[in-house]
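Here you go, one structure.
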Amino acid sequence: MSLLEVTDLQVEYASPRGAFKAVDGVSFSIERGEIFGLAGESGCGKSTTAFGISRLLRPPARLAGGRVLFDGQELTGMPELAFQAFRWSRMSVVLQSAMNNLNPVMRVGSQLTDVILAHEPGTSARDAWSRAESLLALVELPADRLRSYPHELSGGMRQRVVIAMSLALRPDLIIMDEPTTALDVVTQQGIVRRIVELKKELGFAVLFITHDLPLMLEICDRIGIMYAGKMAEIGRADRLLRGARHPYTQGLLRAFPSLTGPKVRIAGIPGSPPDLVSPPAGCRFQPRCAHAVAACSAAQPAMTAADAGGSVACHLYETEEAGHEPVAASRQR
Ligand SMILES: Nc1ncnc2c1ncn2[C@@H]1O[C@H](COP(=O)(O)OP(=O)(O)OP(=O)(O)O)[C@@H](O)[C@H]1O
Ligand SMILES: [Mg+2]
C-alpha cells in the first residue's frame, strides 16, 4: 500500500464566468520515504492539488470528487476533529508564505512548543522546550533562537522555523508548496539540501512543488507533470530527464533554463495554457502540440502505463506496445 493514494481528484472553482475544474481527474501515489514532485506551468493546478489533499480548500474552491487515501485511511470524509489530530502528526504542510504566518507576537520557542503540547498534552513544558531545541538543531538554527520573535529572524531563518514546526510531530508526509521560492538562491539551496538530508535521516515522504525544474529533477524520486488541471505524465526523475514521453514534458524540459528564475512564460512551448472555463476538446495540450493528430482533438487521452513504472496521457502512445521507442520522442525535431 502506498503512503498516499490520490484517485480522480477534482477541484472546482466558482467564478463569475462559470465554474471550472482547476484539478480534473488527477491520480497519483506517493510511497513511504519518497520525494514526489509536481511540475507544470503557472496555473496548471499544482497548489490546488496540494490544497485538495491537505483539506485546505476554501471557497470559491470546493472538492468536486475523488478520493485521498493516506496509509489506507480515507482523508476526504474524515471528520474535522480527527483530521486536525492527523494534520501535524501524520501529514504537515509548508507553504511559500508560511514564514509570514508565524505569530508575530509569540516567541519562536512558544510557537514550536504549542504544536507539541496541542497534540501531546501529556508532555511537560521542559520536555517540549528541549524538543523545540532539537527541532531547531535539525534545521541548523542555534537553540537561542527559540527566544526570538519572528521579526528578529531573516526570511530564510523564519522558513527554517516553519520547516522545524512541520517536523515537530515526525509526520510521514510533508507537503511543500514552493517552500523556498520567496528566498534568495543561496538560502534556497541550503534549505533544500537540509530537507533532503532530513528526509534520509527521518524517512518522511515529501510532495514537493517548485518552479525550479532542474532542482526538482535533482531531488525528486518521481515527478508528475500537470497541464491545465490534468496529469500529463508521471515518471522517475532520471527517466524524464533521459526521455520524457509527453510532448508537453519535452517542451518543459527544453525550456528549463528559463525556469530557474522567477515565474516566466515558458519559451520552449508556443502559446499559453487554455481557459479552464472552456477547455479545448480532446487533449488539452493539443492546440499547442507540434505532434497532434486527428485523435487528439477528438477524445481526451487516458493515462496509460509506460515502461519504468511511468505513465503518460497522450494519444501518441496509446497503441504503442511497451518497449517500443516513444513515438513523440522519435518524431522530435
Ligand atoms: N482563489 C481562486 N479563485 C479562482 N480561481 C483560482 C483561485 N486560486 C486558483 N485559481 C485558479 O485555479 C487554477 C489553478 O491554480 P493553482 O494556483 O492551483 O496553480 P499552480 O499550478 O499552483 O500555479 P503557480 O505555479 O502559479 O503556483 C488557475 O487557473 C487559477 O487561476
Ligand atoms: Mg501554486
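Atoms within each ligand, like the ligands themselves, are counted from 1 in listed order.
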Which bit of Thr49 is near ligand 1, meaning a heavy atom under 4.0 Å away: side chain, backbone, both or neither?
neither
Under-4.0 Å salt bridge between Glu197 and Arg194:
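Here Glu197 pairs with Arg194 in a salt bridge, since their nearest N and O are under 4.0 Å apart.
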Ligand-residue contact atoms, ligand 1 with Ala22, heavy atoms, under 4.0 Å:
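By the 4.0 Å cutoff, the relevant atoms are 12 (O), 13 (C), 14 (C).
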At less than 4.0 angstrom from any non-hydrogen atom of Pro60, what atoms of ligand 1 do you find?
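Counting from 1, the qualifying ligand atoms are 3 (N).
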Which heavy atom in Gln73 sits nearest to a heavy atom in Met78, and how many Å separate them?
NE2-CE, 3.5 Å
Going by heavy atoms in the side chains, are Tyr317 and His246 under 4.5 Å from each other?
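Heavy-atom side-chain distance check fails, nothing below 4.5 Å.
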Which is it for Phe28 and Phe36 under the ring pair (Phe, Tyr, Trp, His ring centres under 6.0 Å) test, yes or no, and what are the steps along the way?
CA-CA 10 Å; Phe28 63 97; Phe36 185 93; 4.9 Å; yes
Leu276 neighbourhood, listing ligand 1 atoms whose heavy-atom distance to it stays under 4.0 Å:
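With Leu276 as reference, the close atoms of ligand 1 come out as 29 (O).
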By number and element, which atoms of ligand 1 are closer than 4.0 Å to a non-hydrogen atom of His211?
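Per the distance check, 24 (P), 25 (O).
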Sole candidate of Leu135, Val108, Leu102 that passes side chain to side chain contact (heavy atoms under 4.5 Å, CB included) when paired with Met165:
Leu102
Part of Phe20 within contact of ligand 1 (heavy atoms, under 4.0 Å):
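Side chain only; the backbone of Phe20 stays clear of ligand 1.
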Return the CG to CD1 distance between Leu207 and Ile35, rounded to the nearest 0.5 Å.
11.0 Å
State whether Tyr248 and Arg288 meet the cation-pi test: NZ (Lys) or CZ (Arg) under 6.0 Å from the six-membered ring centroid, and within 45° of the perpendicular axis.
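No, a cation-pi geometry is absent between Arg288 and Tyr248.
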For ligand 1, is there an N or O atom under 3.5 Å from any N or O atom of Cys44?
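Among all N and O atoms of Cys44, at least one is under 3.5 Å from an N or O of ligand 1.
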Has Arg58 got any heavy atom lying under 4.0 angstrom from an atom of ligand 1?
no
Show the nearest heavy-atom pair for residues Ala205 and Ile30, with the distance to one decimal.
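Looks like CB-CG2, 4.0 Å.
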Gly43 N/O under 3.5 Å from ligand 1 N/O
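Between Gly43 and ligand 1, an N or O pair is found under 3.5 Å apart.
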Pairing of Arg67 and Asp8 as salt bridge, 4.0 angstrom limit
no
At the 4.0 Å heavy-atom cut-off, does Gly45 count as touching ligand 1?
yes
Need the ligand 1 atom indices (1-based, order shown) with element for anything under 4.0 Å from a heavy-atom of Thr48.
14 (C), 15 (O), 16 (P), 18 (O)
Within less than 2.8 Å of the Mg ion (ligand 2), any N, O or S from Ser47?
yes
Contacting atoms of ligand 1, where contact means under 4.0 angstrom from a heavy atom of Ser47:
17 (O), 18 (O), 20 (P), 22 (O), 27 (O)
